[in-house]
Structure formats: C-alpha cells, structure tokens
Protein chains: 2
Amino acid sequence: MRIGELAERAGVTPRTIRYYESLGLLGPSEREGAGFRYYTEAELSRLQTIHNLKGLGLSLEEISTVIPLYFEDPTRLSGKRKIVEILKSHLHETDEKIEALNQFRSELQANISRIQQWIDEHSESQ
Amino acid sequence: MRIGELAERAGVTPRTIRYYESLGLLGPSEREGAGFRYYTEAELSRLQTIHNLKGLGLSLEEISTVIPLYFEDPTRLSGKRKIVEILKSHLHETDEKIEALNQFRSELQANISRIQQWIDEHSESQ
DNA sequence: TCAAAACATAACGTTAACGTAAAGGTTTTA
DNA sequence: TAAAACCTTTACGTTAACGTTATGTTTTGA
C-alpha cells in the first residue's frame, strides 16, 4: 500500500508518517518506480505500536528508544521492561508536577485574598 | 539613566527592556542624541511593577491588559480588581490541571501494573 | 487520453519570552 | 586621543510534533 492508505488505516496523516521516517522511527519497505513509498502490514503494525505508545504518553524521542527493543526481541520482554521503566519515571514527574501545582495554588489563593482585602479596605466609601 | 542602568536596577537584561518596548509595555522617556534610550524613575517603577506581576504568574499579554489600568487610575482600584479577576481564572485553570494530572496519574499506575503483570507472567521461567 | 487524485520534496508557521551573535555607531575614561 | 564600555538594529535560535502551503511528478479512472 502507499502512504495515503497507510495513513488512513492508522488514523494519522501522510505528513506524520514522513515525519516519523525523518526521525528514523519508521521506513517504507521500498521506494518503487518514481519514488513512491510502499508499505506492508508490518509497517502498519509498527505505526500502530507507535500510536499506542504515544497514547501512554511517551514522546517520540522516548518511543525511538523503545521501538527497536519492541520489534527486535521476539519475546518483547525487554521492550516491555523499558516501557515500565519510562512510565515509572513519568509517574515520578507527575507526582512532582502535582506537588508544584498544589504549591502554586496556595500562593494564588494567598495573593487573591491579600489583594481582595486591599480592595475592600480602599473602596469602603464607595 | 540609560538602558544598562535601568536593566541592572530592575534585575533584567537590556534585551528584556527592548522586548517589552516592542510589546508596548514600556517606552523610554525620550531618545536623545544618537538614539540612545533615556529613562526616569517612573519607568523603573513601571518595570518593577511588570516584574511583580510576572511573579504572580501573569503572562506579558495579561500584564499588558493590567498595566494601563494600574498606571492611569490613581486609586489603582481598577488595576487590582483586574488582577484579582485574572488570578481567579488562574486558580480555576490550576484546579483543572491538578485534576487532569491526578487522572493521568491513575492511568499511569494502571498501565504500569498491567504491563508489569504481563512481564511477570512471561518471565517466570527465567 | 486527459483530468483528477495521489504522491514527491522543500520550507515556513505554530508558542513565549527572551538569549545570543553580528556589524556597526557613541560615550566615557585614562 | 584612543581604547574600553556602552549603545543601536537586525535576525536567528530555543521546544515538539506536526500543519500548511507551494511547486512539480506520477498514477489512475472514465
């Protein structure tokens, strides 16, 4: 199949596929004739895997470290282990973000209260 | 004073001051001689106000809506009210972000557990 | 057989708030 | 009076993941 069909079946745009190719994430099986990209079911599968990993929140850079493991280890154990490792670091970062946001929230509340009080004090006569 | 001194006294770089000028946030009192920017204490005060508002987490775009009120209303009431309004919307957005992150955290946990279980099931013999 | 559909590459646009460098005037100070 | 210090404008770089032209080639269907 060519890029348009692959794109449609995977739910992405041709631009996305070419972009992934430029990152080394995915290549066409071959470039026949005048240079059109031709793909097989294997590439569709690989593209869907990329899609799934994106759904887990991995960046394309992270995916590029997972994909080789994922497709070159028949048991897929090493790929899965790598994913768990990445997800755990995401969990850690998420906890830190939540903490930082809670802190930020408190400061916002304090600022609102402080300024609102200033307003109340200076607009009593109105 | 010229841009270098203003920058140093306000704790920013000359580049920042020129950038603010390009956004209409701050202008020099005058451009004498060969085109040097000259500032007074009034611009220092304005720059410090911008700095303070940034400290509250306002974007330069938001600041540009606050600054005029702030410096053209002698009571500063309208400026303060606008700030409270913006801060409240920030509070709202922050709550939404925290909620989304908590949701994301749950999904991460679930994915980690699921994949880890897969690994455990497929690597018992090793 | 010819127009429409699909494909190709190249390159700019998107966001915020400046950092940094280039190439060149001006002011200050020793 | 000359060099150091300061100033000017212009413009590219920074981040991620593509979207969107623009321009030209190839395939396909009536």
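Being a predicted model, the structure only gives us computed values, none of them experimental. Atoms considered below: every heavy atom in the structure, side chains included; atoms not considered: hydrogens, waters and symmetry mates. Each chain gets a letter, A, B and so on, in the order its sequence line appears, and its residues count up from 1.
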Using a strict threshold of under 4.0 Å (side-chain N to carboxylate O), is an ion pair present between B:Arg9 and B:Glu41?
yes
Look at atom CD of B:Glu8 and say whether more than 12 heavy atoms of other residues, nucleotides or ligands are closer to it than 6.0 Å.
no
Min side-chain heavy-atom separation A:Leu69-A:Leu77 under 4.5 Å:
no
Decide whether A:Ile50 and A:Tyr19 are clustered together by the hydrophobic rule: side chain heavy atoms of Ile, Leu, Val, Met, Phe, Trp, Tyr closer than 4.5 Å, transitively.
yes
Among all residues two or more places apart in sequence or in another chain, which pass the salt bridge (charged side-chain N to carboxylate O under 4.0 Å, His left out) test with B:Arg37?
B:Glu21
Could you give the distance from CD1 (B:Ile63) to CG (B:Leu26), rounded to the nearest 0.5 Å?
11.5 Å
Just the endpoints, please: which first and last nucleotides of DNA chain C, 5' to 3', lie under 4.0 Å from a heavy atom of chain B?
C:dA17 to C:dT27
Mind running a 4.0 Å heavy-atom check of residues 35-53 of chain B against DNA chain C and sending the residues that fall below it, in number order?
B:Phe36
Distance col, row B:Leu25:CG vs B:Arg46:CZ, nearest 0.5 angstrom, shows 7.5 Å
Around A:Glu121, counting heavy atoms of other residues, nucleotides and ligands shown, do more than 12 lie under 6.0 Å from its CD?
yes
With rounding to the closest Å, how many angstrom separate the P atoms on C:dA21 and D:dT15?
15 Å
Dot-bracket notation for DNA chain D, counting Watson-Crick and G-U pairs under 3.5 Å, with | for partners on another strand
||||||||||||||..||||||||||||||
Between B:Leu60 and B:Tyr20, does a side-chain contact (heavy atoms from CB on, under 4.5 Å) hold up when you go through it step by step?
CA-CA 8 Å; B:Leu60 293 181; B:Tyr20 289 176; 3.6 Å; yes
Nearest-Å distance for atom pair CE/P, residues B:Met1 and D:dC6:
16 Å
Show every ring-ring contact (aromatic ring centres under 6.0 Å, His included) that has at least one partner inside residues 82-121 of chain B, sequence neighbours left out.
B:Trp118-B:His122
For atom P, what is the distance between D:dA11 and C:dG13, given to the nearest Å?
14 Å
Same apolar cluster (I L V M F W Y, side chains within < 4.5 Å links), A:Ile3/A:Tyr38:
no
Give a yes/no verdict on a cation-pi contact between B:Arg76 and B:Phe71, requiring under 6.0 Å between NZ or CZ and the six-membered ring centre and an angle within 45° of the axis.
yes
pair B:Thr65-B:Ile86: side-chain heavy atoms closer than 4.5 Å:
yes
Within residues 10-19 of chain B, residues whose heavy atoms come under 4.0 Å of DNA chain C:
B:Thr13, B:Arg15, B:Thr16, B:Tyr19
